[in-house]
Every structure is written in C-alpha cells, then in structure tokens.
Amino acid sequence: MRRTGWLSASRVLTVPPKCVVRKGDTVVVIVGKDRGKSGKVLSVSLRERKVTIEKINIIKRHTKPNQQNRQGGILEREAPIQISNVMIYCATCQKPVRVGSKTMTDKSRVRVCKKCQQLIESPERA
Ligand SMILES: [Zn+2]
C-alpha cells in the first residue's frame, strides 16, 4: 500500500483540503446507487476519507444464529461511503453545492456556500 502525504504523518495536524463534511451536516450523494438522496452525516472518518450517512448505503448483514442471537436474521446498517461522493446540501440554494471558507472578524473560520455565500451551519459544533 502506498502511503502519501498527510496519511503517513503520525499526527494529523490539519484537516486535508476539501474535507468540509462534518458530523450533523446534511449532504447529498452524487455518485452510485444512492445518487440524489440526501441525509444527515452520522460520522466522519478523516483517516479513511469516508462518511456514514443516515439511511444511505444500507447494507444487509445475514447473521447466523449464535449464543447472543438465537434467531439470527438480517441486520441492516449504514455503511460508510467516500467523502468525495457526497456534497454539502445548501438549504438556501436547495441543492448540493461547493463549499468555501471565510474568515470572520473574530478570526474564526466558517464554511460558506460558494453559490449564495450563506453560512453552512455546523449543528454538532457547540
Ligand atoms: Zn447556497
């Protein structure tokens, strides 16, 4: 396996560019069988560059009966998909958009929609 750039660093100091998806965001899938669907981001893995989205990319796991689960059966859960396969949904534009960043007067950085310049809220950020 080839290791490149920030991945090989023992400590990840900066979030790689373009990685703008955060937990709690509403995103739209732009590639694959769930294309066009939107959902809330449940978790983000920067290391793997993947996100898990509510009700998107559901996989079915067939489980055999065992001691914990006597019946066995089908388990459904969300599988992570590539970050590059999703886009942030802008509530103002009502479509998936590219995200830019802006530095506020208090030096904090915020994410903005590149189309309408509206702030992209980060619900999980206290
Ligand atoms: Zn917008």
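The structure presented is a predicted model; accordingly, all values stated were derived computationally and were not measured. Because only heavy atoms are used, hydrogens play no part in the values below, and waters and symmetry mates are left out as well, while side chains stay in. Whatever order the structure lists them in is the order used to number ligands and atoms, beginning at 1.
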Got more than 12 heavy atoms from elsewhere within 6.0 Å of CD, Q94?
-> no

Which residues pass the side-chain contact (heavy atoms from CB on, under 4.5 Å) test with K37, sequence neighbours left out?
-> D34, I56

Which count of protein N, O or S atoms is obtained for distances strictly below 2.8 Å from the Zn ion (ligand 1)?
-> 4

Does V28 sit in a hydrophobic cluster with other residues, and if so which ones, taking ILVMFWY side chains as linked at heavy-atom separations under 4.5 Å, directly or through other members?
-> Y89

Who else is in the cluster with V31 when I, L, V, M, F, W and Y are joined by side-chain contacts under 4.5 Å?
-> I30, M87

Closest non-hydrogen atoms of R22 and V41, given as atom of the first, atom of the second and distance, are O-CB, 3.6 Å

side-chain hydrogen bond (donor to acceptor under 3.5 Å, both in side chains) test vs S101 passes for just one of R111, K114, R109, namely R109

